[in-house]
Amino acid sequence: MNRIYLSPPEVGAEERRMLLEAFDSNWIAPLGPDVDAFEREFAERIDIGHAVALSSGTAALHLALLLVGVGPGDEVLVPSFTFVATANAVCYLGARPVFVDCSSSTWNIDPELVAAELEDRARHGRLPRAVVTVDLYGQTAEYDPLLALCEKYGIPLVEDAAEALGSTYRGKAAGRFGAAGVFSFNGNKIITTSGGGMLVTSSAELAERARYLATQARDPFPHYEHSAIGFNYRLSNLLAAVGRAQLRGLDSRIVRRRRINRSYRAALGHLPGISFMPIADYGEPNYWLTCILIDPDEFGVDREVVRIALEARNIESRPTWKPLHLQPVFADSAVVGGSVSASIFDQGLCLPSGSALGNADLERIVDIIREQ
Ligand SMILES: *Cc1c(COP(=O)(O)O)cnc(C)c1O
């Protein structure tokens, strides 16, 4: 049996055609018309002024934080329940993440904990330099209260929408809620360029600065002239061609992932001890990954037994993110709350959710879980 992956890339004839077209046009490196077009089409898709194509989502996070003013010694509020890249980018700048627990009703950063933390810090004159939100597993954070808080205290928000391309919050696209938004096109995201990222913003100035810093901060002279420390963070033109083709298929991918999510719910939702990541009524996720909680007392076996049973049939599933405040590398970091994400990690399992997952494979997965 072929291995079933959690969220493998899905590419087809259109990706191949556009990649070869870019190749044959001789725009191999590094920038070119496909990068420009990808940025334009991407900005249009999420209805924002500017998009800057970068080599990874992590690079986009790094630049976004730098551009909102995060620097050495600063503190930045970051959700604990996320992929490590969110916090790593804070550390690249010599700043420190302060982890905030998630809400059990959205699995995203808890606005009430953010409110309490900011209030306390304002009283002691220790406000963080920035707040980072993550739109987890394709569901956006709860932006109304979060934006009101950031505005109240004058703190910029950076939105890590790496997992949430195509998701909406109150009808508005993920990525549009901060001073800058960040997307990833790595191999397991909803669209992929094999590797890549995008920084989006409504500020022309911020976008221009991002492009400048991403191309080694080259000043406009015939020779190489530099007045800032830059990075080599741009996306290759060949990969941008793949991204353009992928973007055209985004809506059908969301439809397929939603259908997969509904099938899992229909097949497993009634089982004692199994529950799903809640879908908040404030938006529409892109259903990047379907995640369940397995309560061992009610279900009979725990998450690991299910994961290993799937693995024995060559099916990849994965525990939900291990909260960053529990990671050895962040053992000394501050954390606000923490028990909610810790308990989700105890019981959480991400199920195969790729847009190319067929119904027969889906049934097989469901049967294996039911047999436990
Ligand atoms: C994937 C991901 C990233 C990193 O993106 P890369 O393109 O792999 O660098 C950052 N944050 C979150 C939440 C992610 O899921």
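Please read these numbers as outputs of a predicted model, since none were measured by experiment. In listed order, ligands and their atoms are each counted from 1.
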Go through the side-chain N and O atoms of [X] and [Y] and say whether any donor and acceptor fall under 3.5 Å apart.
{"X": "Ser105", "Y": "Ser103", "value": "yes"}
{"X": "Tyr143", "Y": "Asn108", "value": "no"}
{"X": "Asn261", "Y": "Arg257", "value": "no"}

Can you report which non-hydrogen protein atom sits closest to [atom], along with the distance?
{"atom": "atom 11 (N) of ligand 1", "result": "Asp160 OD2, 2.7 Å"}
{"atom": "atom 4 (C) of ligand 1", "result": "Thr58 OG1, 3.6 Å"}
{"atom": "atom 8 (O) of ligand 1", "result": "Asn186 ND2, 2.9 Å"}
{"atom": "atom 15 (O) of ligand 1", "result": "Glu163 OE2, 2.5 Å"}

Asn232 side chain near Gln216 side chain, heavy-atom distance below 4.5 Å:
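A side-chain contact under 4.5 Å exists here.
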State the atoms of ligand 1, each with its element, that fall below the 4.0 Å cut-off from a heavy-atom position in [X].
{"X": "Ser56", "answer": "7 (O), 9 (O)"}
{"X": "Lys189", "answer": "1 (C), 2 (C), 3 (C), 14 (C), 15 (O)"}
{"X": "Ala162", "answer": "2 (C), 3 (C), 10 (C), 11 (N), 12 (C), 14 (C)"}
{"X": "Gly196", "answer": "7 (O)"}
{"X": "Val134", "answer": "13 (C)"}

Does the N or O separation between [X] and ligand 1 drop below 3.5 Å for any pair?
{"X": "Ser184", "answer": "yes"}
{"X": "Thr82", "answer": "no"}
{"X": "Gly57", "answer": "yes"}

Verify the ring-centre separation between Phe42 and Phe185: is it less than 6.0 angstrom?
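Yes - the distance between ring centres of Phe185 and Phe42 falls below the 6.0 Å cut-off.
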Hey, do the aromatic rings of Tyr264 and Tyr287 have their centres closer than 6.0 Å?
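Centroid distance Tyr264-Tyr287: not below 6.0 Å, so no.
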For Phe177 and Tyr169, take the angle between the two ring planes, folded into 0 to 90°, and tell me which bin it lands in: parallel under 30, tilted 30 to 60, perpendicular over 60.
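Rings of Phe177 and Tyr169: perpendicular, as their planes differ by over 60°.
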Evaluate the side-chain contact (heavy atoms from CB on, under 4.5 Å) criterion for residues Leu268 and Arg370: first the C-alpha distance (whole Å), next the side-chain angles of each, then the deciding distance (0.1 Å), finally the verdict.
CA-CA 8 Å; Leu268 302 172; Arg370 280 206 192 111; 4.2 Å; yes
